Protein chains: 2
Amino acid sequence: MAASQPTWEASMSADPEQACPIAPVVDIVFSRWTTPILWALHQYGRQRFVELERRLTTITPKVLTQRLRQLERDGLVARTYHPEVPPRVEYEITELGASLAPLFAHLAEWAATNLDAVEQSRHTYDTAQQSRPR
Amino acid sequence: MAASQPTWEASMSADPEQACPIAPVVDIVFSRWTTPILWALHQYGRQRFVELERRLTTITPKVLTQRLRQLERDGLVARTYHPEVPPRVEYEITELGASLAPLFAHLAEWAATNLDAVEQSRHTYDTAQQSRPR
DNA sequence: CAGAATCCTATAGGATACTG
DNA sequence: CAGTATCCTATAGGATTCTG
């Protein structure tokens, strides 16, 4: 049994992103386009590929497909194929995906409270660039 | 006054990522390497560049510098330069950065509860790939 | 030590055209 | 409609070398 367990040293040195306990979930939930997609599905309910495409105006079908596949694989989104002519495919958020709602609300709350401070900091940083000790 | 306000249509069609209320904060908090860096600073306190570099074993100095600058600009991390020979620079998390702790805890909690389900879904998806209606 | 500078490559993602 | 296929480019990030 013990032999199959990675040592502390190995588990720490292997992948530093794993040393950060939230790193795995960040890849799942916060990779590019995932939050706008999940948001759209959560906000407007089950909808077709083309509806999503129109809502996320700047996304290309290729990328939308990639992201939806990933979300489907991770169990956050469900895909339903209707074999009609023309074909109809609907996407909806799963229960697992919907379980992220409180987390997103928490994030929105942090943003509401602290986004101004971030903007302020950026402005200060940017305008102080001249004559700055590095 | 009304002329300077963007119309609803313009504000919706301009940037779909802005239509998702949490998109801006995702860029700030969850871009590459930021969570491991913030975690290391929060966990082990103020530390030097080389300590961070060693802790995040696979990061290169170039990228670490980039990310630290970004975090400094956003006000999440503070940089202190000691003009000595050899030079000494220390990084620490700011109050604003530390205010993310409850959010990260929430994320860790979601992971603890639901990561298994994601893994399960991935396994099911991957093993069902043969003979699958697309 | 704490980076900056330079060069290089891999890959994400865009544009376009095509299909069941 | 819901993608797939192909081609292409831009940029993030790695490797290496150099310096105050």
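Because the structure is a prediction, the values reported are computed rather than measured. So you know, we letter chains A, B, ... as the sequences are listed, proteins then strands, and number each from 1.
Computed from coordinates, the A:Tyr81 OH to D:dT4 P distance equals 11 Å when rounded to whole Å. Computed from coordinates, the A:Trp33 CH2 to C:dG13 P distance equals 10 Å when rounded to whole Å. The CZ-C1' distance, from A:Arg54 to D:dA2, rounds to 12 Å in whole Å. Distance A:Glu53 CD to D:dC1 C1': 10 Å, rounded to the nearest Å. When rounded to the nearest whole Å, the span between CD1 of B:Ile59 and C1' of C:dA2 equals 14 Å. At whole-Å resolution of the value, CG in B:Leu64 and P in D:dA12 are 17 Å apart. Rounding to whole angstrom units, CG of residue B:Leu68 and P of C:dA2 are separated by 11 Å. Across the protein-nucleic acid pair, B:Leu56 atom CG and C:dA2 atom P stand 14 Å apart, rounded to whole Å.
Contact between the side-chain N/O atoms of A:Thr60 and the OP1/OP2 oxygens of C:dG14 is found at a separation under 4.0 Å. Side-chain nitrogen and oxygen atoms of A:Arg88 include none within less than 4.0 Å of the OP1 or OP2 phosphate oxygen of C:dG20. Taking only side-chain nitrogens and oxygens, B:Tyr91 never comes nearer than 4.0 Å to OP1 or OP2 of C:dC1. For A:Thr65 and D:dG3, the shortest distance from a side-chain N or O to OP1 or OP2 is not below 4.0 Å. At the phosphate of D:dC1, neither OP1 nor OP2 sits under 4.0 Å from any side-chain N or O atom of A:Arg48. Between C:dG13 and A:Arg67, a contact under 4.0 Å exists linking OP1 or OP2 to a side-chain N or O. Here B:Arg69 reaches the OP1 or OP2 of C:dA4: one of its side-chain N or O atoms lies under 4.0 Å away. Within the structure, every side-chain polar atom (N or O) of A:Arg32 is placed at least 4.0 Å from both OP1 and OP2 of C:dA12.
Closest approach of A:Thr94 and A:Val77 over heavy atoms only: CG2-C, 3.6 Å. When all heavy atoms of B:Gln47 and B:Ala40 are compared, the closest pair comes out as NE2-O, 3.2 Å. A:Phe104 and A:Thr35 make their closest contact through CZ-CG2, 4.0 Å (heavy atoms, listed as atom of the first residue, atom of the second, distance).
The pair B:Arg48-B:Glu90 does not meet the salt-bridge criterion, since no charged nitrogen lies less than 4.0 angstrom from a carboxylate oxygen.
Ring geometry, A:Phe30 versus B:Phe30: the interplanar angle falls under 30°, so the pair is classed parallel (tilted spans 30 to 60°).
When each of C:dC1, D:dG3, C:dG3 is scored by its nearest atom to the side-chain atoms of B:Phe49, the top-ranked nucleotide is C:dG3. Relative to the side chain of A:Pro86, the nucleotides D:dC1, D:dG3, C:dG13 differ in distance, and D:dC1 lies closest. Picking from D:dC1, D:dA15, C:dA2 the nucleotide with the shortest atom distance to the side chain of A:Val50 gives D:dC1. Closest to the side chain of B:Lys62, out of C:dT6, D:dA2, C:dC1, is C:dT6.
Nearest-nucleotide assignment on DNA chain C puts the 5′-proximal partner with A:Pro61, out of A:Pro61 and A:Pro87.
Contact annotation: the side chain of A:Val89 approaches that of A:Tyr91 to within less than 4.5 Å [non-hydrogen atoms, C-beta and beyond].
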